[in-house]
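Lettering follows sequence order; numbering is per chain, from 1.
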There are 2 protein chains.
Amino acid sequence: MPVVRTSMEAGQRKVRIAVDAMGSDVGPEIVVRGSIQAVRDMAGSVEVVLVGNEPTIWAALRSEDAEGLPLVVVHARERIGMSEKARQAYRRKRDSSIAVCASLVQTGRAEALVSTGNTGAVVTTFLLNLGRTRGIKRPAIASVIPTSEGQCVMLDVGANADCKPLHLYQFAQMGRTYAQLILGISNPRVGLLNIGEEPSKGSALAQAAHQLLAQGRDQLNFIGNVEGRDIFGSKADVVVCDGFTGNVILKLAGSLASFGSRAIKREIQQSLAARCGALLMKPAFRSLGRRFNYEEYGGALLLGTRGVCVIGHGRSSPRAIRNAIDVAARSVRSSLEDSILQIIEADRTVARPIEAQVTPSVGP
Amino acid sequence: MPVVRTSMEAGQRKVRIAVDAMGSDVGPEIVVRGSIQAVRDMAGSVEVVLVGNEPTIWAALRSEDAEGLPLVVVHARERIGMSEKARQAYRRKRDSSIAVCASLVQTGRAEALVSTGNTGAVVTTFLLNLGRTRGIKRPAIASVIPTSEGQCVMLDVGANADCKPLHLYQFAQMGRTYAQLILGISNPRVGLLNIGEEPSKGSALAQAAHQLLAQGRDQLNFIGNVEGRDIFGSKADVVVCDGFTGNVILKLAGSLASFGSRAIKREIQQSLAARCGALLMKPAFRSLGRRFNYEEYGGALLLGTRGVCVIGHGRSSPRAIRNAIDVAARSVRSSLEDSILQIIEADRTVARPIEAQVTPSVGP
């Protein structure tokens, strides 16, 4: 079992976050740099526990100016690769950086986990260590998507490739809580992703989920179906879907900024005037790029588990890591899990009969 | 039964296309204008049969300069609304413009149908009138999507919200034929839309479909899974998916151009330099807008039915209608359906055992 070796500062009571230093596709140095940014920016309110190969982490820390910062290093002997199978990795690598992070949260030595590693392994390990929130059937990954008017929460974006109607109902409950507590939207509008406006449209799953959500309309502020064109159109604050569709959309949306800039670059090569125009528009493009840069959104949050778990992209920059730590800290401070628990409990009157009437129409 | 009333020109042997004049959200005049553009541009090779309320169509024709063009008007007493249920509309409105178009194709008085009306009603009516291509389990709607390097075919984009693995296998066969004959790609790369690269990733449907496609790898040039980020990245020429995911993506992709231009307009309001830059870039933006304007792509093609059926967006412009007629004519000339039939027949050696081994793992 790993032990907390060194605290660079014995500061005041802070939110303590376990960061998987080995989960990055671009090297532990990036994770270390992002963690340093986080504890600097959130001075006094966040402490980071860097988990992974200790010599590597120390080397990275030494090459930065990290003296006196609230950073702690915890050794983990193993590392889970990006292409490893989640359950296998969980069983075989009990001392992986992800497993050590999860056990730090489980034993109360950290309040949240941040990893940019193998998503499946992070979800599986965290879930098997911490367990689900009472009443939640399937935890889901929620991600913030930039829209024309601001942003929306989409879930599930990858934890459950096959879903049942009740899962989607609970995603709505969790997503709404997320939008309220983390995005500060007082009465978030919940939409069901579907391929038509009418309740009778869509897959068997979407039709059954629509029926459930319509029953919980008052509690959920359910506005009905939203279509592909509505996602960026700010029609809903929470977009509920199965993890297959959500993951495809998230990855597609994440590729748009670079695709758009490549397309524009190709166009302006044709004309000097256009190149001059692009030069004048550089600050506007940069601001636009920032708005659609997923790094700004601080990774995706696993909802419906005990404890807070934030999953970032494997190629996260230091800034993305910093923002993921920020989201983790805000989730801890807002007691997001307690609120989800309360909503599930309060909605039992709706959810119980729903649970009884739901037939597993789709999924393995 | 309606009769062909007037031919404005008794020309040479042409591809004759039945166009649903009543299917537009923006009025029959738009459909008439698009049809006039089509017969003008494709002089001598296309004849259009405009189907719908005769007085309305004639009024629209008179207000344009349509004298001497190969246009024919056929009366249809009824019109199917956008929100009507497909099967109900089919049963109750036997003399709708869609039904009359389909019967013109069925009786050989037209070789293709073009409609911008209620997609469900068009697919149902066409299918019930014309029937499926022999061997095809489920017809699918294929749409062309602009990508970073050119374009790709995606299917299904809405005909089948719930699919089985064998359906996806056949979508691959049909999509490949489409890419060869209509887009002119000699050996199209076929990808399966999924949420991970590995064969074991994804929903039960995606996993089973991957297995089938891998067996037909040689015939299909199957390159494996493609993810959301690969759609615009030109990784595959044919992207195979269920009609739920495909429809969500198509509608999302279709909204990107207007979303992008709104976002840019908002940015440049902040600065005079940026506004000047935008002015200089206007031609580049226009060219970019054209590339991502779905009107250019001539609507979606229903594959796996006897006869050719092209479905356009309800708000199609005259140019979009013209292009849809062009796609219909090219599909007729290339004998797309015959080629699909041949491929299904030739691939029986693979498909038969596949059919036997497939268990319906997903769907109602």
Side-chain angles (χ1 to χ4, degrees), chain A residues 83 85 148 158 161-162 193-198 200-206 227-233 241-245 247-256 259-260 262-264 267-268 270-271 273-274 276-285 287-288 291-292 361-364, chain B residues 83 85 120 148 158 161-162 193-195 197-198 200-206 227-233 241-245 247-256 259-260 262-264 267-268 270-271 273-274 276-285 287-288 291-292 361-364:
Chain A
S83 58
K85 291 206 169 190
S148 60
D162 290 299
L193 190 63
N194 205 337
I195 61 172
E197 285 181 10
E198 302 80 14
S200 62
K201 284 281 173 78
S203 60
L205 170 66
E227 299 186 69
R229 70 173 72 92
D230 303 322
I231 295 173
F232 293 130
C241 59
D242 65 89
F244 186 89
T245 315
N247 189 273
V248 168
I249 290 171
L250 182 72
K251 285 177 181 159
L252 189 154
S255 75
L256 287 178
F259 173 56
R262 270 208 313 277
I264 286 175
E267 283 302 333
I268 64 174
Q270 319 293 321
S271 124
C276 295
L279 215 60
L280 287 168
M281 284 187 72
K282 211 166 183 179
F285 281 137
S287 151
L288 207 63
R291 221 164 94 59
F292 292 96
S361 55
V362 170
Chain B
S83 58
K85 290 205 167 190
S148 59
D162 290 298
L193 189 62
N194 206 337
I195 60 173
E197 285 181 11
E198 302 79 14
S200 63
K201 282 282 172 79
S203 60
L205 170 66
E227 299 186 69
R229 69 174 72 93
D230 304 322
I231 295 173
F232 293 130
C241 59
D242 65 88
F244 186 90
T245 314
N247 188 273
V248 167
I249 289 171
L250 182 71
K251 285 179 181 158
L252 189 154
S255 75
L256 287 179
F259 172 56
R262 271 209 311 278
I264 286 175
E267 284 302 333
I268 63 174
Q270 320 293 321
S271 124
C276 295
L279 214 61
L280 287 168
M281 284 188 72
K282 211 165 182 178
F285 281 137
S287 151
L288 207 63
R291 222 164 94 60
F292 293 95
S361 55
V362 171

Problem - Minimal non-hydrogen separation, Ala284(A) against Ala274(B), with atom names - result: CB-CB, 4.2 Å
Atom pair [atom1] ([X]) and [atom2] ([Y]), whose distance is rounded to the nearest 0.5 Å:
X	Y	atom1	atom2	value
Leu280(A)	Ile268(B)	CG	CD1	11.5 Å
Leu193(B)	Leu252(A)	CG	CG	9.0 Å
Ile195(A)	Lys251(B)	CD1	NZ	6.5 Å
Glu227(A)	Ser255(B)	CD	OG	11.0 Å

Problem - Crowding at CD, Glu198(B) (>12 non-hydrogen neighbours, <6.0 Å) - result: yes
Exercise for the section: For atom NZ of Lys85(A), decide whether the heavy atoms of other residues, nucleotides or ligands shown that lie under 6.0 angstrom number more than 12. Expected result: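 Counting other residues, nucleotides and ligands, NZ of Lys85(A) stays at 12 neighbours or fewer.
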Exercise for the section: Heavy-atom distances under 4.5 Å only: say whether Asn194(A) touches chain B with side chain, backbone, both or neither. Expected result: both
Problem - Contacting moiety of Ile231(A), where chain B heavy atoms sit under 4.5 Å - result: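 Answer is side chain: those atoms of Ile231(A) sit under 4.5 Å from chain B.
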Handout entry: Student check: side-chain heavy atoms of Phe244(B) and Leu205(A) closer than 4.5 Å
Key = no
